[in-house]
Amino acid sequence: MSGDARPGVPGLTEIRQVGIFDCLILVVDDTEFNRTLISAMLRQAGFRRIQHAVDGFDALRKIDDELPDLVILDIVMPGLDGFEVCRRLRADGRFADLPVLVQTALSNTEDRNKAFQLGTTDLITKPIDRHELLARVRIHLENRMLIQDLQLYRARLENELGMAREMYDHLLPTAAMFDRIRHDSGVHIRHHRAVSSELGGDIWGVIPLPEERFGLYLLDMTGAGVSAALNAFRMHTVLHELSTLATQPARFLTEANARAVGLFDSGERAAMIHGVVDPNAGTFTYATASCRRPILVRRGTPDAILGHADGAPVGEAAGSVYRLRTLPFGPGARLMLYNKAVLAALPVTGPRSAERLLAELAAIALQAPVLDDARDAMIAALVEAVGDRPGQDMTLVFLGKDVREPLGAR
């Protein structure tokens, strides 16, 4: 027995069949006898809402006043025939999904093809057979209801995805925090996110630390969709609960992994990098968990430096160990962190890896003296390489260490 066929409870098929009898059907025919005959067949079968139109102009007026669920349309009518009615309906986006059943005695193949080319949903041959009429009306009304259900579901899903993206935006570091970091450390921070049709599971953040230092992390969940986004939101809370360990990147990842093992379902993982920027020592000290290699560019030098990326994914296994790494980050340095979608989108050919291609693009783009310009140049290079509609959400974070400005300077 199916899940919706319990005794005394109508199943999905029964509910839809009950629903179609409340649908509005418009019968369009210039002959009164034909309108009466079709209406009688429909009412005898249980259809309760039937309207009539006496010609094409009358049909268009009534459709505009109240949208029917299905139209039964005669082809041969004076003034405005069924062909032209159908053409005008399909030219209006409001009626793109409206089922139109054409009743016709035309046997010419060319005329029948013309009817379909103009947007007819189906044909009913005259003289009308009751069983054929009712079968076609039922199936097209059921399809109509299914399409409406899918449209409602899509609208609700898009609304929920919009809310999730809004939540994501609220979790990102604010412009006020960027200003605070710049004033305290002389380090500028910028970011970019290219949004796809799928909801991603990547998130990043900044943790202010003593002595003008700050922590920076980027977490990238496997997969996409609502489950990946929810796990990213959960991990955002976890990472800020661990902020007292942010000065120790390897331990920070170890504890984040321990929490994630108990938080994620089987098969769920996250790539992650967490590092500490020390402007006084001129270093970026970091640890990685199966993430993408950070890219360092020094203004005035032709090549980019690819950092390390090792360690087990966060959430894969308890007891994973993470190594501490260091990159130089002095005046004139540019550091770029990014998620896996950036590399996945790059069109790589030949022996050159996606990381190497990205590093080559960064080595040129990040030479700009102002970090905003460097970021814009990098985004322009990516758009040229992969287009402006990525398959997955792409996240990039840019850090720039310039000559120390006086406190309060812009």
Side-chain angles (χ1 to χ4, degrees), residues 157 160-161 163-174 177 191 193 196 198-210 213-277 284-294 307-325 337-344 392-395 397:
L157 181 61
E160 291 174 353
L161 290 176
M163 292 175 60
R165 294 193 189 281
E166 187 175 346
M167 289 174 59
Y168 176 92
D169 291 339
H170 283 303
L171 297 180
L172 294 177
T174 63
M177 179 172 286
H191 67 103
R193 187 167 188 241
S196 70
E198 292 188 344
L199 184 63
D202 52 283
I203 198 162
W204 71 280
V206 173
I207 304 174
L209 299 172
R213 298 172 299 165
F214 64 91
L216 178 73
Y217 65 83
L218 191 155
L219 179 138
D220 187 7
M221 288 297 308
T222 55
V226 175
S227 61
L230 288 175
N231 278 331
F233 296 157
R234 294 187 186 109
M235 286 302 296
H236 175 270
T237 301
V238 167
L239 297 177
H240 280 266
E241 289 175 352
L242 299 175
S243 60
T244 55
L245 302 177
T247 57
Q248 307 169 63
R251 186 179 174 192
F252 186 85
L253 280 192
T254 298
E255 293 299 324
N257 175 68
R259 300 278 190 96
V261 167
L263 186 66
F264 294 165
D265 290 334
S266 176
E268 295 177 336
R269 306 284 186 270
M272 184 175 171
I273 182 172
H274 173 66
V276 173
V277 175
F284 176 68
T285 305
Y286 64 100
T288 60
S290 189
C291 71
R292 301 316 181 235
R293 299 165 70 182
H308 291 85
D310 49 19
V314 167
E316 182 174 71
S320 295
V321 176
Y322 300 96
R323 298 182 61 181
L324 204 60
R325 307 284 191 175
L337 309 181
Y338 50 94
N339 69 339
K340 63 180 180 295
V342 177
L343 293 183
Q392 302 178 59
D393 287 358
M394 296 198 309
T395 298
V397 181

Going by side chain to side chain donor-acceptor pair (under 3.5 Å), name the residues that satisfy it together with R213, two or more places apart in sequence or in a different chain. none

Taking every non-hydrogen atom, the tightest pair across P294 and H308: CD-O, 3.5 Å

With sequence neighbours left out, which residue pairs that include part of residues 264-276 fulfil the side-chain hydrogen bond (donor to acceptor under 3.5 Å, both in side chains) condition? N231-E268

Under the side chain to side chain donor-acceptor pair (under 3.5 Å) test, residues paired with Y217 that sit two or more places apart: H240

Taking the side chain from T174 and the backbone from M177, do they hold a donor-acceptor pair closer than 3.5 Å? yes

A341 versus D393, closest heavy-atom pair with distance: CB-O, 3.2 Å

Determine the sole option in I203, I273, V397, D220 for which the side-chain contact (heavy atoms from CB on, under 4.5 Å) test with N339 is passed. D220

Trace of the salt bridge (Lys or Arg N to Asp or Glu O under 4.0 Å) decision for D202 with K340: CA-CA 9 Å; D202 52 283; K340 63 180 180 295; over 6 Å; no

Looking only at heavy atoms, which two atoms of V261 and A318 are closest? And how far apart? CG2-N, 3.7 Å

Check: R293 side chain, G307 main-chain N or O, donor-acceptor pair, under 3.5 Å: yes

Is there a donor-acceptor contact under 3.5 Å from the side chain of Y338 to the main chain of L343? no

Within the side chain of Y322, is there an N or O that forms a donor-acceptor pair under 3.5 Å with the backbone of A312? yes

Test item: E316 and F264 side chains (from C-beta on) under 4.5 Å apart, heavy atoms: no

Does D310 reach the main-chain N or O of S290 with its side chain, forming a donor-acceptor pair under 3.5 Å? no

Heavy-atom count check: over 12 atoms from other residues, nucleotides or ligands less than 6.0 Å from H191 NE2? yes

Student check: side-chain heavy atoms of L239 and W204 closer than 4.5 Å: no

